[in-house]
Every structure is written in C-alpha cells, then in structure tokens.
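Note that the structure is predicted; figures quoted are calculated from it, not measured.
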Amino acid sequence: MQSLSAANWEYLRELSEAYSPRDPLLAALWRNALAENGQILRISQHRTVIKVQAKNDHDVAEWLLKIYHPRRQWEWLRRRFSAAPANREMENWRLLAHRLQTPMPIMAEQLAPALGLFARPYWSGRKVQEALNERGEAMQQLAQGIAHLHHHRWSDRDLTADDLMFVDAFDGELIPLDLGHAKVGLIPLSAEKVHLNLERLMASLPAEWSSELATILLHHHSEERWLKNWSKKKLIDRAQALRLK
C-alpha cells in the first residue's frame, strides 16, 4: 500500500502543475491532500479517498475527498459517452439530500478527462455493524432507514453494511456513505431491485442474524407495498448464496 500511495501522490503532483480546482474550498482540500496532510481511507491505482481538513464557510472542519485518477489510455473517450464519476456522485448526493430534506455541502469538479475531485463532509456516527452488535432497537432502526431510503428511490448494486451509517450530524438518521455505485432514480424501485439490496445487505452481516433480520426487513418493506409476496426463506437463501460466492 505504501508503494501504491507514493506512486499515486507522485502522479497527482505532476497533474497538479496543470490543473487546479476553481472552487476555493475544493482547491484548499486539493492542496492539503497533495501535501499529504490527511488520512488515507481507501486507495487503488485509479482512486484515492482521503480525510482532510480545510477552512470553509460551512462550519465543517473535516472533509472526505475522493480523487479519481484513472490511468486508462482511452479515458478521454469514456468521458465523451458517460458522466465522470465525481460529477455523477455529486448529482446523486444532491438528489438524495433534497429528497431526505438534509441539506449538505457537496462539491465536485472534473479537472481533466482522467482527473476528478469530489468532496463532502466527513461524518461521524455509528456504523451498522457496530450498532447491530449492541442489538436493542438497532435492527428496527436499520430496517426503517433502509425502507426510507428505498422510498426515496435510492439503491446500490454493491451494498454492504459498511456503506451505511447512523450519522450524528443528521440526528442518527441512516445515511449511505458512498453513492459512487448507487442510483437515485426518478421512478419507484422495482421489487426485484429492493430485494437484491436486502440480499446484499444481509450477506454482509453475520449469518446467525439472518432469521431475525429478514423478518424485520420484510415487515418494514411490506408497509411500503414492496415484497408482500416475497418469503423470508427466499431472502435468507439468496443472502446465504451471496456469502458463499
């Protein structure tokens, strides 16, 4: 990881000589990131995610900054036919924040075909796994929160429990942490798409919770007129199949 990190920063510093964000706050985050004044959260050859600080007018001290830097030869051609990941994620957040009535500062700029920046506040709170370990009302809160997100037409084809948090800044409301592979659509979700989300969520959690969790998830989604004819056994079996892949 250290060698990958060093290679990424060297590459990004070369790009920074030619490209700089227009937004002053995003530019400050970019400078601090390049100075390695932050904490790396995720890293790959094509993307670096960092927690970094910058002064701002939003009363937010820490930010999550995603730096998209794909090193593909034909990236410029991909950008002609599909939205850049940073811009796509910003649009998803704007739609979801509007529907949830939870305003939040979100920024993104595509500086070049192969360089994009996305930033949102860095949130504290309880991850789903941590909350469920404490049991109590956590399963009910999770099921209510997921149904609420589905009601607002959010889905995530790669959903795991680690992608969700009960966020302190929103009074403990369940919020997805990453909308990079998510979709915030214009039409209500199909039962199949909702069911797949629940399968993937359950597959990311301990199998011994499956029976109780499936019951609660199906109950809250049946109230939203979803999954009324879908069985608990089917949900448990499909989640188990995903665990074994």
Side-chain angles (χ1 to χ4, degrees), residues 1-16 19-21 23 25-56 58 60-72 75 78-79 82-94 96-97 104-130 154 156-170 174-184 200 204:
M1 181 173 174
Q2 288 182 340
S3 59
L4 178 60
S5 176
N8 280 0
W9 290 127
E10 180 180 359
Y11 174 68
L12 290 171
R13 289 190 187 100
E14 291 176 2
L15 290 178
S16 72
Y19 304 107
S20 180
D23 183 277
L25 176 55
L26 200 56
L29 293 171
W30 176 232
R31 287 193 301 271
N32 289 342
L34 292 171
E36 298 186 50
N37 294 329
Q39 175 187 349
I40 292 178
L41 303 176
R42 293 182 184 177
I43 189 169
S44 71
Q45 186 179 6
H46 301 300
R47 189 180 72 164
T48 300
V49 183
I50 183 171
K51 179 173 74 170
V52 63
Q53 295 184 341
K55 294 182 179 180
N56 62 92
H58 299 288
V60 176
E62 294 183 318
W63 295 80
L64 183 141
L65 177 67
K66 289 186 180 182
I67 308 170
Y68 293 93
H69 46 82
R71 303 192 203 185
R72 290 182 285 253
E75 192 64 24
R78 291 168 63 92
R79 295 288 68 82
S82 63
N87 293 336
R88 185 172 63 246
E89 185 159 6
M90 179 174 67
E91 183 60 24
N92 276 339
W93 277 112
R94 286 180 172 173
L96 189 62
M104 60 185 74
I106 299 293
M107 298 166 290
E109 287 188 29
Q110 192 67 23
L111 305 182
L115 178 61
L117 304 177
F118 166 84
R120 66 155 173 82
Y122 181 85
W123 295 316
S124 62
R126 290 187 306 157
K127 288 285 192 75
V128 163
Q129 176 85 50
E130 173 191 351
W154 160 91
D156 188 339
R157 67 178 185 268
D158 292 324
L159 180 63
T160 72
D162 286 340
D163 295 328
L164 300 165
M165 177 184 279
F166 297 104
V167 175
D168 293 338
F170 303 121
L174 187 73
I175 299 290
L177 297 176
D178 188 333
L179 296 185
H181 294 290
K183 184 174 181 180
V184 183
R200 293 194 177 281
S204 69

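- Residues Ala119 and Leu29 approach most closely at CB-CD1, 3.8 Å, considering heavy atoms.
- Arg126 meets the salt bridge (charged side-chain N to carboxylate O under 4.0 Å, His left out) test with Glu134; sequence neighbours excluded.
- Put simply, the side chain of His69 gets close to the backbone of Gln45: a donor and an acceptor are under 3.5 Å apart.
- The shortest side-chain heavy-atom distance between Glu91 and Val184 does not fall under the 4.5 Å cut-off.
- Rounding to the nearest 0.5 Å gives a distance of 7.5 Å between CG of Leu41 and CD1 of Ile50.
- In terms of the side-chain contact (heavy atoms from CB on, under 4.5 Å) criterion, residue partners of Asp168 (sequence neighbours excluded) are, by chain and number, Ser124.
- The distance from the CG atom of Asn8 to the NE2 atom of His46 is 10.0 Å, given to the nearest 0.5 Å.
- The backbone N or O of Leu26 sits nowhere less than 3.5 Å from a side-chain atom of Glu109 that would complete a donor-acceptor pair.
- Every side-chain contact (heavy atoms from CB on, under 4.5 Å) that Ala86 has, sequence neighbours left out, goes to Tyr68, Ala108, Gln110, Phe118.
- Here Arg200 contributes atom CZ and Arg157 contributes atom CZ; the two are 9.5 Å apart, rounded to the nearest 0.5 Å.
- Remark: Asp158 engages Asp156, His181 in a side-chain contact (heavy atoms from CB on, under 4.5 Å) (not counting sequence neighbours).
- Listed by first and then second residue, the salt bridge (Lys or Arg N to Asp or Glu O under 4.0 Å) pairs that reach into residues 25-38 are Arg13-Glu36, sequence neighbours excluded.
- Every residue two or more places apart in sequence or in another chain was checked for a ring pair (Phe, Tyr, Trp, His ring centres under 6.0 Å) with Trp30, and none qualifies.
- Here the CD1-CG distance, from Ile67 to Leu34, works out to 6.5 Å after rounding to the nearest 0.5 Å.
- Annotation: the span from Trp154 atom CH2 to Leu179 atom CG amounts to 8.5 Å, rounded to 0.5 Å.
- Atom NZ of Lys66 and atom OG1 of Thr48 lie 12.0 Å apart (nearest 0.5 Å).
- In terms of heavy atoms, Val52 sits closest to Ala33 at CG2-N, 4.1 Å.
- Partners of Thr160 according to the side-chain contact (heavy atoms from CB on, under 4.5 Å) rule, which considers only residues two or more places apart in sequence or in another chain, are Asp162, Asp163, Ser204.
- Formation of a donor-acceptor pair under 3.5 Å by the Asn92 side chain with backbone atoms of Ala182 is found in this model.
- A donor-acceptor pair under 3.5 Å is formed between the side chain of Asn32 and the backbone N or O of Gln53.
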Legend entry - Intermediate values then yes/no, side chain to side chain contact (heavy atoms under 4.5 Å, CB included), Val128 and Leu174: CA-CA 9 Å; Val128 163; Leu174 187 73; 3.9 Å; yes

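- Within a 6.0 Å sphere centred on CD of Glu14, heavy atoms belonging to other residues, nucleotides or ligands number more than 12.
- Residues Ile106 and Arg120 have side chains in contact (heavy-atom distance under 4.5 Å, counting atoms from C-beta outward).
- Looking at residues two or more places apart in sequence or on another chain, you find a ring pair (Phe, Tyr, Trp, His ring centres under 6.0 Å) between Phe170 and Trp123.
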